[in-house]
Amino acid sequence: MMIAKVIVDIPVKETDRPFDYKIPLEFESFIQPGMRVLVPFGPMKRLGFILSIEKQSEIKNLKAISQVIDPTPVLTTELLSLGKWLSAETLCPRLFAFSAMLPAVLKGNYKKIVRINDKESLARDYPTLLDILLNKPEMEWTELLKKEPQQSDSLNAAMKKGYISIIQWIKNDRRTYKRIRYITTALSKDELMDVSSKLDKRSLKQKQVLEYFINQESHLKVEITEILKRLNIGPSSIKQLVKKGYLVETTEEVYRDPYADKEIERTTSLPLTTTQKNALAPIQESIRSQTHEVFLCHGVTGSGKTEVYLQAIEKILNMGKEAIVLVPEIALTPQMVHRFKGRFGDEVAVLHSGLSQGEKYDEWRKVLEGTVHVAVGARSAIFAPFKNLGLIVIDEEHETSYKQEEQPRYHARDVAIFRGKYHQCPVVLGSATPSLESYARAKKGVYHLIQLLERVNQRSLPEVQMVDMREELRANNHSMFSKQLFEKLQDRLEKKEQSVLFLNRRGYSTFVMCRDCGYVVQCPHCDISLTYHRKQGMLKCHYCGHQEPYPSRCPECMGSHLRYFGTGTQRVEEELTKVLPEARVIRMDVDTTQRKGSHEKLLTAFGEGKADILLGTQMIAKGLDFPKVTLVGVLAADAMLHLPDFRSSEKTFQLLTQVSGRAGRDKLPGEVIIQSYSTEHYSIIHASNHDYQSFYDQEMQMRYRHHYPPFYYLAMITLSHTQVTKVVDTAEKIADHLKKGLSSGAQILGPTSSAIPRIKDRYRYQCMVKYKREPNLLSLLKRIQEHYPTGTKNDDLKITIDLNPFLMM
DNA sequence: AGCACGCCGACT
DNA sequence: GTCGGCGTGCTC
């Protein structure tokens with residue numbers, strides 16, 4: 001008898017271990033690890049992943065697998081072991097690790113429905129109930145109670161008497177396939193003409209259809225929709241002809257292709273500069289010798305990194321292997337996709353959040369089924385189920401979006417290195433502003449450093465001018481635009497060139513304060529000030545989504561002198577229409593890009609010159625390439641400099657460098673204006689000089705002094721509870737555990753209240769561990785996690801453990 | 001997650 | 001003396 005070890009689809013730590021099941025004989029011949037199965041678990045049926053197949057089991061009275069869901073495994077052997085590693089490294093249930101690797105449509109969908117056991121008795125005692133149940137046989141139990149509250153007594157009574165019972169229903173397969181219907185015919189042209197002449201005189205439309213087939217060059221199948229469109233008829237006449245046997249209908253399953261109706265011009269390799277060749281050579285050598293190595297490709301904006309990736313991938317494809325390219329979600333613009341589709345055409349699957357669930361599933365399936373050999377996508381594309389990986393590229397390596405902030409809290413870079421080792425293939429990290437961690441590793445020789453420090457075509461980097469806003473204030477300029485920036489904006493308007501304005505804050509203002517008593521309007525559920533959104537006249541909380549109307553009087557002192565402070569994109573937009581009324585402005589932030597496709601639409605409009613100024617947050621900093629942009633303005637360079645995050649200098653430097661790179665992409669020279677209240681800060685100075693090296697040196701000293709990465713590793717434990725006392729108590733106990741369990745080399749900070757002490761009515765405390773080598777840390781944290789049961793109804797405590805955190809709040 | 005088992009308060 | 005509260009523990 002064969003036994004399967006199965007991870008059951010219940011995401012709690014108590015069930016985070018394999019359970020053994022008998023494999024019924026009829027499944028033995030094809031069942032494999034990595035397939036999903038349906039298994040009885042206690043009183044219910046659940047989906048599960050087969051980890052392995054064994055000869056025997058320690059456990060007696062095994063239950064049997066009820067059903068095998070997948071005809072072929074959805075997880076490869078490699079991904080199964082990657083899942084084990086991920087769950088161990090990030091302290092999350094293995095199920096979460098597996099779920100993160102698969103498209104959403106493959107998740108189990110459980111429903112509780114009412115089953116009728118005794119129809120006769122039910123008809124006799126509760127006829128109305130029976131009527132309802134027969135009408136909606138698969139209605140979910142909770143839904144039924146909501147829609148038919150007056151029936152709840154009858155339901156309970158019928159249940160007690162055993163006339164009905166609740167059973168669990170698994171819609172285990174939400175996969176949908178797109179099918180295309182084709183029409184073809186087995187008849188020859190002569191035969192068709194014969195048929196046509198014998199048709200009833202009134203069958204005009206049918207004759208048209210037959211004629212269409214007679215005029216076809218060959219007997220190729222034609223899409224049914226194509227015929228309908230061509231002849232401008234309804235489907236009934238075709239149906240008739242099929243019924244009579246003259247035509248044949250076939251259906252074929254196809255992949256949804258999100259890029260089907262886009263004409264993408266094919267490109268071929270560009271000649272490389274010497275620097276590019278030197279960059280490519282070591283990567284090719286690693287590919288050729290099939291050795292795992294991590295390359296850090298430090299290339300300034302416009303140095304032609306992408307072409308190096310493309311040519312490395314070309315080599316991979318020639319060897320019959322596969323490649324993954326990761327790009328940050330916001331940089332996954334149509335422009336970027338075009339470059340890969342243009343070079344490799346149908347060899348590319350694109351995975352990003354803009355696709356529908358079905359589209360995502362199809363792109364993923366192309367990878368699994370081997371119909372494509374390149375996957376381009378955001379973070380989760382690192383799990384693309386290739387079997388013969390030859391190269392992994394992570395572009396914009398420093399981007400924080402590569403770290404997932406929910407379980408499993410993984411960093412795509414770490415997963416890439418795991419897979420690179422497994423497949424003995426190179427991993428290429430690329431960035432103009434590498435993360436300090438990666439650059440330090442490269443300097444130590446752990447990674448292989450590749451430098452691309454000149455721009456192709458010798459275009460010079462844009463000139464950057466810094467403006468001290470304190471001096472503007474002194475010169476009595478209270479506007480958000482400095483004199484210099486304003487003049488240059490006017491100048492571009494006259495010259496019909498475009499400008500980009502960057503402000504890392506959405507909404508209208510950052511906070512609303514009463515000038516009489518100093519009261520700042522705060523979210524009632526979170527300890528954070530509310531942001532004024534002028535268009536809706538609402539105050540919004542950017543953390544929990546709470547909103548309330550803008551008060552006419554101060555809620556504290558009833559004074560009428562409420563004023564908003566700080567500037568958001570909405571306010572800049574309003575100001576622009578006042579001071580530059582002739583300028584056409586496109587604003588891009590979360591609020592204007594919520595609808596699907598609006599992001600792309602706004603960018604296209606700007607690219608086509610339908611606006612003079614593009615104003616936006618974070619999301620406009622990356623990957624945009626508009627030749628007519630000759631001016632970039634950063635309105636408040638220090639906006640994120642003073643956030644409670646040790647990476648804030650690094651982030652500021654990276655952002656300023658990115659934004660500056662948007663200017664002068666083409667023949668016209670670019671100019672950048674950086675406005676700031678901290679013009680003397682090193683990250684702003686070095687960014688304006690395009691000087692990564694000096695920034696790196698100075699920032700490394702900071703990190704060294706304060707014991708931060710890359711000199712130390714971090715682990716963050718965050719607790720939350722609706723009661724402050726509970727959080728503080730537990731946090732202190734946990735800190736004690738850590739102090740006892742770790743070496744003297746580890747520092748335990750806290751517990752302290754989080755930067756935002758309360759979100760959604762939950763108080764938040766945190767504990768941070770700084771360490772260099774703590775072999776016991778993972779097991780200790782795991783014990784802490786197990787000791788404090790989280791999420792149970794009786795105790796509302798939540799503990800999250802984040803190793804190498806990116807979010808300090 | 002979902003359910004059974006088990007030990008303490010207000011009821012026929 | 002029993003019904004039922006939800007705390008605890010198990011599910012192959």
Side-chain angles (χ1 to χ4, degrees), chain A residues 1-25 27-28 31-69 80 83-84 87 92-100 104 106-115 117 140-145 152-153 155-157 159-162 164-172 174 406-408 721-723 726 730 783 785-799:
Chain A
M1 187 178 56
M2 295 213 290
I3 309 295
K5 292 212 172 282
V6 175
I7 294 283
V8 181
D9 183 17
I10 293 167
V12 291
K13 51 183 177 298
E14 288 85 356
T15 55
D16 184 30
R17 59 195 165 89
F19 287 83
D20 293 2
Y21 285 90
K22 282 192 279 199
I23 299 173
L25 249 112
F27 301 151
E28 269 190 15
I31 200 163
Q32 282 175 61
M35 287 177 175
R36 291 171 309 146
V37 287
L38 195 62
V39 291
F41 193 72
M44 44 193 170
K45 287 229 169 140
R46 287 264 144 174
L47 239 50
F49 290 94
I50 301 187
L51 288 184
S52 63
I53 290 167
E54 315 274 332
K55 293 258 153 47
Q56 53 196 10
S57 168
E58 312 275 277
I59 290 142
K60 15 189 205 323
N61 305 328
L62 290 186
K63 288 184 183 174
I65 288 172
S66 330
Q67 235 183 87
V68 181
I69 310 284
L80 284 170
K84 189 174 182 179
S87 93
C92 82
R94 228 181 295 185
L95 184 80
F96 277 123
F98 292 147
S99 303
L106 297 186
K107 290 213 178 79
N109 182 12
Y110 303 91
K111 259 181 162 185
K112 276 185 278 178
I113 64 164
V114 176
R115 189 176 59 187
N117 298 332
E140 194 168 350
W141 168 247
T142 47
E143 189 115 332
L144 185 70
L145 282 179
S152 74
D153 287 348
L155 275 166
N156 285 329
M159 191 112 60
K160 251 191 193 158
K161 292 180 186 165
I164 55 169
S165 53
I166 294 175
I167 58 160
Q168 200 174 44
W169 189 259
I170 304 109
K171 270 173 79 186
N172 53 44
R174 290 187 289 151
E406 304 124 48
Q407 300 212 62
H721 196 282
T722 44
Q723 283 172 273
K726 181 76 189 176
T730 322
R783 254 179 289 140
Q785 203 178 44
E786 272 154 22
H787 188 258
Y788 297 96
T790 69
T792 40
K793 281 158 225 139
N794 38 329
D795 198 5
D796 199 25
L797 184 72
K798 262 190 204 128
I799 301 183

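These numbers come from a predicted model, not from an experiment. Below, chain A is the first sequence line, B the second, and so on; all start at residue 1.
- Contacts of A/Pro11 with the nucleic acid, taken as non-hydrogen atoms under 4.0 Å apart, are absent.
- If you take NZ of A/Lys22 and P of C/dC12, they are 12 Å apart, rounded to a whole angstrom.
- Of all nucleotides listed (C/dC12, B/dA1, B/dC3), B/dC3 comes nearest to the side chain of A/Pro43.
- Rounding to whole angstrom units, CE of residue A/Met44 and C1' of B/dA1 are separated by 5 Å.
- Across B/dG2, C/dC12, C/dT11, the shortest atom-to-atom separation from the side chain of A/Thr15 is found for C/dT11.
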Output one line per pair: protein atom, nucleotide atom from nucleotides 4-6 of chain B, and distance, for all N/O pairs under 3.5 Å.
none

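- Remark: C1' of C/dC10 and NZ of A/Lys63 are 11 Å apart, rounded to the nearest angstrom.
- A donor-acceptor contact shorter than 3.5 Å is absent between the side chain of A/Asp9 and the backbone of A/Arg46.
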For this session: Output, in order, the C-alpha distance, side-chain angles, deciding distance and verdict of side chain to side chain contact (heavy atoms under 4.5 Å, CB included) for A/Phe98 and A/Leu51.
Result: CA-CA 11 Å; A/Phe98 292 147; A/Leu51 288 184; 3.7 Å; yes
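- Rounded to the nearest 0.5 angstrom, A/Phe49 CZ and A/Ser99 OG are separated by 5.5 Å.
- Counting any heavy atom pair closer than 4.0 Å across all strands shown, A/Ile59 reaches a base atom.
- Atom CZ of A/Arg17 is separated from atom C1' of C/dT11 by 8 Å (rounded to the nearest Å).
- Going from atom NZ of A/Lys13 over to atom P of C/dT11 covers 18 Å, rounded to whole Å.
- A/Phe19 places none of its side-chain heavy atoms less than 4.5 Å from the side chain of A/Val39.
- Annotation for A/Pro93 and A/Asp16: closest pair CA-OD2, 3.3 Å, computed over non-hydrogen atoms.
- In this structure, A/Asp9 places its CG atom 11 Å from P of B/dG2, rounding to the nearest Å.
- Counting any heavy atom pair closer than 4.0 Å across all strands shown, A/Tyr21 reaches sugar-phosphate atoms only and no base atom.
- By the salt bridge (charged side-chain N to carboxylate O under 4.0 Å, His left out) test, A/Asp20 is found to be paired with A/Lys5, residues two or more places apart in sequence or in another chain being considered.
- The nearest whole Å value for the distance from the CD atom in A/Glu58 to the C1' atom in C/dT11 is 18 Å.
- Distance alone, capped at 3.5 Å, is enough to place a donor-acceptor pair between the A/Tyr110 side chain and the A/Leu47 backbone.
- Per the geometry, CD belonging to A/Glu54 stands 18 Å off P belonging to C/dC12, to the nearest Å.
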